[in-house]
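The sequence lines fix the lettering, A, B, ..., with proteins before strands; numbering per chain opens at 1.
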Amino acid sequence: MVPSRPSSKLYQIKSKKYDEYGARVTSSFDKSVSHVLIDPEWDGSRTLKYLHISAGDIRPEIDKGTIHFVRDSWPSACIENKQLIPESPDYTVQLYSPAPSPETTPEPEVSQKLVQTVISPEKPPKLKKRDISTSSNTSLSPEPDTPKQTAIDDLNPVEASGANTSIENKAEKKAQDGSGNDELDSVIQEAELQEHAARFLSDDEIEHALQTQRKKYSAPYSRPKRTSDGRVLKGNWDTFLCMKAGEDNIAKPDGPNALVINILSLMLHHYEAEGDQWRTLAYRKAIATLKKQTVPVRTAAQAVKLPGIGSRLADKIEEINKTGDLKRLKYTQGEGKFEVLELLKRIYGVGNKTANKWYSEGIRTLDDVRERKDLTANQQTSLDHYEDFAERIPRDNVTKHFERVRDAVHEIDPEIEATAMGSYRRLQPDCGDIDIILTKRNASRHDLTVTLAKLLDVLFEQGFAKYTFGGIEANSMRWLGASAHPDDGNKWRRMDILLVPWEERGAAFIYYTGNDIFNRSMRLLAQKKGYRLNEKGLFLAPHDRKSAGAVGPLVCGEDEEKIFETLGVPNRPPHKRIIG
DNA sequence: GGGCGGTACTG
DNA sequence: CAGTAC
DNA sequence: GCCC
């Protein structure tokens, strides 16, 4: 393959597939090579240069038809069409400028190595495969997968729906004798899949989280389909540890559906980079499902039965299984784009839209960004202190920042209660930013905003507060800014100060303690129980779904404990609210 | 065909 | 209003 | 993208 990048995920995936069809991929260019698969971006001369060959060296071999220079889409096209596609402008790469070709060079009928491969079980094997390299030991004939294919239905792949439907009463029963965390944990697992930040975890880490959740608890509130496993996940987590210890390996899970999972992960990657929130979610769920299968999911018909996999993904799965490739992927690949977007989005005020726009305009580095004239004030400031903001804040330093704020606000009003939230309250050893809630019994919103304004005057006066990203407007209930503390090396840190009415502090504490995944879980659980939860309180869900207020009467807002209780789950100390 | 969280701030 | 952050 |  040219260029040859054996370390790349795609390379590994493809070689594996080609191998299944009896070919052998080699990284050396020698006489054993029959086909050179060339990246679409590359032309003939670049390829020659890359292979360190001058035209004359190889010309005879080409003319003899023993070496073919083709696009790397050629193998999958052949597999798809169930025949060797003869040389054509579509797939053949011209090495020399004016093609002197003695026209149609038909595929030599050297057809050795007839590896039997069954594409569709009904039809007799039609595609005769010959290997791509001429090396002789490739006669491994993969066993026809027909038997497996029929077997899969009997085996009842995990979560295939059909079988177990009427479980409602079972679920009810479980809910009743429901011990402890069942419900919350079951929604946690669901929420994890939606968590955007989860992309920072390896697939294996996500999977591991799911496994431990599932092993420990049943899921009375999840859809019936989802309840019957138990045998599925097991043992994988050893490999997880190994994978994790390894150095530069992109998680490359083995398993019956590794190929499909890997390719779909690339699609996921792509949509994530594009900011397509909902497709991303769908791919995440589908991949999670596939990872739980203990048998290969080969056909679209099998795939659609699984939860989270609809007709479109099912077709893609079948295509991947047949061709080892996904046409769609070719259009979606951008080398390194994802990493650049991640870099850009760490600038405050740069989200998916802006990052993609900039990327399309050629921005690749922070220095590129610095040359732009159209940065907003927030973007500019965030960029100026990019390194500081990117750095994690040691817990003790968070304490310093917090105490400074607490002390200052107590100078103004000793009755204000100040609490550090976020990862600090979850007892993490370091934090991404500093979140502080200010609240006070019997204080109106206005009282609080007045206090905040005074507080900020003081903090800016001290030189502790450095910049306001937002929220200082008239009577805003929050301040989003930056602070710097001498005991923290005067590094600029992101700090949020939230004003919370006394009656809402319970809900606010839950919300601002997080983590994000935990919050999603809580919201989901609330919904399933007929409530709505936000940072202001726990409300009854409105009967008419889409009314303006969107929420019913307040059930509880001021007591964290009571909100948990109402939802029927035991309160968890903040440090147990770290999910994922 | 709508929901997938809901709200507040910036430009 | 779109985009972004929380 | 999927589910309802």
Side-chain angles (χ1 to χ4, degrees), chain A residues 161 187 190-191 193-197 222-223 225-226 264 267-268 270-272 274-289 303-317 328 332 344-358 374-382 389 421-422 432-437 468-481 494-500 504 507-508 511-517 519-527 531-537 539 541 545-546 548-551:
Chain A
S161 55
V187 286
E190 183 125 0
L193 298 174
Q194 305 181 13
E195 174 46 42
H196 299 223
S222 53
R223 294 198 309 281
K225 293 186 202 174
R226 297 189 167 247
L264 290 185
M267 293 292 291
L268 165 66
H270 163 74
Y271 285 123
E272 209 165 44
E274 293 240 310
D276 190 333
Q277 184 182 174
W278 307 125
R279 268 190 187 78
T280 302
L281 174 58
Y283 272 84
R284 238 180 239 303
K285 286 188 172 174
I287 289 171
T289 295
V304 281
K305 293 180 184 172
L306 304 176
I309 298 179
S311 60
R312 319 243 299 151
L313 270 168
D315 287 344
K316 287 186 174 64
I317 290 170
R328 185 87 179 79
T332 59
L344 300 181
K345 284 193 287 189
R346 299 198 63 162
I347 300 170
Y348 190 103
V350 177
N352 268 312
K353 294 291 184 184
T354 308
N356 272 286
K357 176 168 174 286
W358 287 358
D374 60 349
L375 301 182
T376 67
N378 284 348
Q379 288 166 349
Q380 186 63 57
T381 301
S382 166
F389 289 141
M421 307 301 295
D433 63 2
I434 302 149
D435 297 313
I436 298 173
I437 278 187
T468 297
F469 285 102
I472 193 127
E473 287 295 309
N475 34 27
S476 170
M477 290 292 283
R478 66 184 186 181
W479 177 73
L480 312 178
R494 280 283 293 108
M495 174 181 284
D496 298 340
I497 299 180
L498 301 316
L499 304 182
V500 173
E504 298 176 6
Y511 180 81
Y512 289 108
T513 298
N515 64 8
D516 292 346
I517 306 178
N519 285 347
R520 280 177 186 261
S521 323
M522 290 289 286
R523 286 199 300 265
L524 202 54
L525 179 62
Q527 261 195 30
Y531 298 97
R532 288 214 175 175
L533 179 66
N534 58 30
E535 68 271 42
K536 296 183 187 337
F539 302 85
R545 293 257 308 156
K546 203 38 168 126
V551 287

At under 4.0 Å, does any side-chain N or O of [X] touch on OP1 or OP2 of [N]?
{"X": "S476(A)", "N": "dA8(B)", "answer": "no"}
{"X": "R494(A)", "N": "dC6(C)", "answer": "yes"}
{"X": "Q527(A)", "N": "dC4(B)", "answer": "yes"}
{"X": "R532(A)", "N": "dG6(B)", "answer": "yes"}
{"X": "Y271(A)", "N": "dG1(D)", "answer": "yes"}
{"X": "K285(A)", "N": "dC4(B)", "answer": "no"}

Please classify the nucleic acid contact of [X] as base, sugar-phosphate, or nothing, using heavy-atom distances under 4.0 Å.
{"X": "N352(A)", "result": "sugar-phosphate"}
{"X": "D276(A)", "result": "nothing"}
{"X": "I347(A)", "result": "sugar-phosphate"}
{"X": "Y511(A)", "result": "base"}
{"X": "R523(A)", "result": "base"}
{"X": "K316(A)", "result": "sugar-phosphate"}
{"X": "L498(A)", "result": "nothing"}
{"X": "S311(A)", "result": "sugar-phosphate"}

Item to check | First of L533(A) and F469(A) reached from the 5' end of DNA chain B, by closest nucleotide | outcome: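 The 5'-side residue here is L533(A).
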Next on the checklist: Taking only the P atom of each, what is the distance from dC6(C) to dC4(B) in whole angstrom?
Outcome noted: 23 Å
Item to check | Rounded C1' spacing from dC2(D) to dT7(B) in Å | outcome: 26 Å
Next on the checklist: Show, in sequence, the C-alpha distance, side-chain angles and deciding distance for K285(A) and I309(A), and conclude whether the side chain to side chain contact (heavy atoms under 4.5 Å, CB included) test is met.
Outcome noted: CA-CA 8 Å; K285(A) 286 188 172 174; I309(A) 298 179; over 6 Å; no
Item to check | Aromatic stack W278(A)/dC2(D): centroid gap under 5.5 Å, interplanar angle under 30° | outcome: no
Next on the checklist: Show, in sequence, the C-alpha distance, side-chain angles and deciding distance for L268(A) and T280(A), and conclude whether the side chain to side chain contact (heavy atoms under 4.5 Å, CB included) test is met.
Outcome noted: CA-CA 6 Å; L268(A) 165 66; T280(A) 302; 3.4 Å; yes
